[in-house]
Amino acid sequence: MAGLELKDIRKSYGNVEVIKGVDLSVEHGEFVVFVGPSGCGKSTLLRMIAGLEDITDGDLYIGDKRVNTTQPRDRGVAMVFQSYALYPHMSVYDNVGFGLRLKKMPKPERDKKIREAARILQMEELLERRPSQLSGGQRQRVAIGRAIVRNPDVFLFDEPLSNLDAALRGSMRMEISKLHNQLGATMIYVTHDQVEAMTLADKIVVLNAGIVQQIGSPLDLYNSPANLFVAGFIGSPKMNLIAVTASDATADTVTISGPALPSTTIPVATGHGIKPGDTITFGIRPHQLVRDEAGPLKGKVLLVEQLGNETIVNLDLPSGDQLVATLPGSAILHLGDTVTLGFDAKNAKLFDTNGDAVKPA
Amino acid sequence: MSTSGPQKSLQRHPLAGWLMIAPAAVLIATFLIAPFILAFGYSFTNQRLISPNPTEFVGLRNFEQLIGVGTLVLSPETDDAGVVVRDDDGALQYPTVRSFTRANDDFPHLQGMQEWFGWNWGDDRVVVLARDLVFMKALTNTLIFVAVVAPVQSALALLLALMINQKLRGINIFRTIYFMPVVVSIVVVSLLWRFIYDGRNGLLNNLLEFLSFGLFQPIDWLGNPGTALWAIIAMSIWQAVGFHMVIWLSGLQTIPVSLYEAAEIEGANAWQKFRFVTWPGLRNTAVLIIVVITMQAFALFAQVDVMTNGGPVDSTQVLVFQAVQRGYEQQNIAGGSAISVILFVIVLTISLTQRYLTRER
Ligand SMILES: Nc1ncnc2c1ncn2[C@@H]1O[C@H](COP(=O)(O)OP(=O)(O)OP(=O)(O)O)[C@@H](O)[C@H]1O
Ligand SMILES: [Mg+2]
């Protein structure tokens with residue numbers, strides 16, 4: 001039963017720093033997802049928590065014990081690997097029970113735990129098989145079973161679903177979520193799939209290039225991204241981001257204009273620090289664009305994706321920018337049509353010259 | 001496609017496949033299959049290398065000549081009163097073996113045999129006789145050589161491979177060093193080791209003298225019947241260990257790193273990781289290596305030919321060396337062929353047994 005505390009954790013390979021000072025605290029029982037593009041250091045961070053990589057600098061606490069130099073086996077963690085890492089020559093039963101066997105747990109007790117895990121994961125009929133005789137989803141289940149029986153304080157998952165097809169990924173996602181509720185254990189989960197992140201997490205940590213971009217609940221990240229990176233990363237389809245110029249700024253409004261957008265005034269919180277003449281970024285989610293003949297954004301239809309419940313259109317703006325809008329499924333559009341869109345100014349996001357979000361009003 | 005037409009028809013031609021295997025098949029047939037069949041045939045004749053007399057079929061006589069053995073139980077000499085006679089030292093007196101094996105019509109089956117070895121059994125003395133003592137020496141030496149080299153060389157090669165497989169700076173230098181003896185001709189290596197084993201100023205003697213502060217008395221390693229075979233064994237193990245190390249290494253590198261990481265998190269120590277991850281993962285490699293080493297060991301020839309010529313007093317006679325010596329130096333092609341056939345049967349039996357013992361279960 002333990003939370004987790006990372007204090008200015010750093011990792012260098014040679015003189016290349018790949019994790020550049022991560023601070024994070026995880027409550028006991030929380031489901032935390034590390035998300036970010038490929039190569040941003042998610043796995044490295046997770047493996048440092050597991051003890052598979054040395055920590056170059058900083059402090060790692062599990063519970064209230066500093067574990068920087070503790071052996072992996074003594075950290076109270078269990079890890080589920082992307083490649084499953086099942087022992088190919090052992091049956092499922094032995095795979096699941098391997099850690100317990102190493103701990104010299106008596107056989108009857110071990111058997112009980114293995115069968116209990118098999119029951120939770122609904123794989124009782126697979127126990128006698130070898131990993132090579134299992135499907136990808138079943139293997140993943142075994143890998144999770146192997147983690148469960150050890151009753152760890154912290155579960156670590158490194159992209160556990162990325163080798164599965166979309167349908168299976170969806171159902172395994174549900175099962176992991178269920179498992180989390182059932183076990184109440186702390187879980188840290190790495191993925192580059194933002195849908196997984198949004199659906200599973202209590203708390204998402206967005207990483208880019210070894211730096212934490214934002215930590216927050218899924219809705220926090222969606223509604224108030226801290227910077228351009230998070231704004232572009234979270235949400236599907238992506239938020240539209242268009243370069244504009246601040247033509248005017250008062251204490252609680254910024255007026256923007258640009259080739260793509262006629263002069264528009266956006267309400268913001270005071271102390272925004274934007275000066276007239278700054279080149280800033282205007283952001284609006286595709287779902288927040290509506291058809292409005294009087295609207296400020298007018299473009300030619302480049303692509304239509306008719307999904308039934310909604311229609312996703314890509315527009316070519318006269319300025320050369322592109323815009324994605326999610327319109328009701330009833331919208332019938334054809335390539336080359338001209339569409340005019342509007343939005344509610346209070347839904348618009350502004351990002352200053354450094355790419356940091358300007359607080360909304 | 002314009003080029004695929006003629007290509008296709010050529011590939012489809014019924015003779016194409018045969019043509020492609022023809023070069024290899026011709027070479028194998030000429031230098032492997034034909035000599036083998038010839039040797040098999042000659043072993044049932046009295047063929048000599050050069051002889052004015054026509055070749056005759058002699059049935060199994062060559063084999064009887066080679067592997068004929070007999071036992072003889074000698075009772076101690078008694079005087080007329082039936083009391084055992086003792087010599088001045090109190091030792092029992094036995095009749096000579098020659099009196100049974102030379103022109104003794106009561107023991108026709110022992111005719112021409114020589115004493116191989118014997119032991120005391122109560123007051124009696126049991127003597128094992130062999131019709132061809134040199135062949136028996138060669139056979140036992142070969143079996144000793146195989147029995148020592150196969151396990152020691154494979155174990156040593158595995159040990160080297162495990163050490164070499166670590167990620168350390170400069171590890172490639174060691175790989176090269178261990179592999180170097182393999183690429184040097186065995187004849188050259190044997191010549192060099194003759195200097196190392198030299199009785200007066202050999203490197204080995206000097207080294208041992210130095211390490212024992214002059215206490216060690218120099219040994220003529222190759223000139224001493226007690227050490228010559230062991231000297232050849234040691235040198236042969238050293239020479240080819242690098243080759244098998246590389247095969248082990250390739251086996252080691254097929255084992256995914258994540259298995260070790262999973263085992264580490266589950267609490268496996270170094271030995272348990274070897275026992276449960278490495279060793280099962282090397283199963284197929286182990287089978288290959290044991291079979292290859294066994295076959296190579298049975299084929300021992302060059303070392304003996306260069307270093308000892310089978311001596312001193314036949315202490316390093318081995319089967320292949322005997323086959324060559326008989327066939328060419330004694331011009332007894334039939335005898336040499338019979339040895340080859342016996343060697344073939346032994347190697348085949350052992351390989352099949354190994355395959356059976358290590359089969360997938
Ligand atoms: N052993 C290593 N030596 C040097 N650099 C490394 C090593 N391992 C990882 N890196 C670098 O560290 C960075 C982070 O790698 P990491 O595996 O953590 O990425 P990731 O976020 O998990 O990516 P992915 O989504 O592709 O799995 C990468 O730029 C990678 O090149
Ligand atoms: Mg990764």
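What you see below is based on every heavy atom in this structure, not just the backbone, and it leaves out hydrogens, waters and symmetry mates. Please read all numbers here as calculations on a predicted model, not as lab measurements. In what follows, chains carry the letters A, B, and so on, assigned in the order in which the sequence lines appear, proteins first and then strands, with residues in each chain numbered from 1.
In terms of modelled atom types and a separation under 3.5 Å, the side chain of A/Arg150 and the main chain of B/Ile265 share a donor-acceptor contact.
Residues B/Leu259 and A/Ser83 are not in side-chain contact: their nearest non-hydrogen atoms beyond the backbone lie 4.5 Å or more apart. In this structure, the side chains of B/Glu261 and A/Met79 stay at 4.5 Å or more apart for every pair of heavy atoms.
Atom CG of A/Asp54 has 12 or fewer heavy atoms from other residues, nucleotides or ligands within 6.0 Å. The 12-atom threshold is exceeded at CH2 of B/Trp238, counting heavy atoms of other residues, nucleotides or ligands nearer than 6.0 Å. Summarising the local packing, CG of A/Asn181 is surrounded by more than 12 heavy atoms from other residues, nucleotides or ligands at distances under 6.0 Å. Dense packing is recorded around OH of A/Tyr93, with more than 12 heavy atoms of other residues, nucleotides or ligands lying under 6.0 Å away. Counting heavy atoms of neighbouring residues, nucleotides and ligands inside a 6.0 Å radius, atom CZ of B/Arg355 does not exceed 12 of them. Applying the 6.0 Å contact sphere to CD of A/Gln182 captures more than 12 heavy atoms from other residues, nucleotides or ligands. Within a 6.0 Å sphere centred on CG of B/Leu348, other residues, nucleotides and ligands contribute more than 12 heavy atoms.
Residue A/Arg75 does not touch chain B at all, counting heavy-atom pairs closer than 4.5 Å. Interface residue A/Ala78: only backbone heavy atoms are found under 4.5 Å from chain B.
In terms of heavy-atom pairs under 4.5 angstrom with chain B, the leader among A/Leu100, A/Leu86, A/Leu156, A/Val80 is A/Leu86.
Between B/Phe276 and A/Tyr87, the gap from one ring centroid to the other reaches at least 6.0 Å.
Ion pairing between B/Glu266 and A/Lys103 fails under the 4.0 Å rule for side-chain N and carboxylate O.
Annotation for B/Gly267 and A/Arg73: closest pair CA-CB, 3.3 Å, computed over non-hydrogen atoms.
To the nearest 0.5 angstrom, A/Leu102 atom CG is 4.5 Å from B/Gln272 atom CD.
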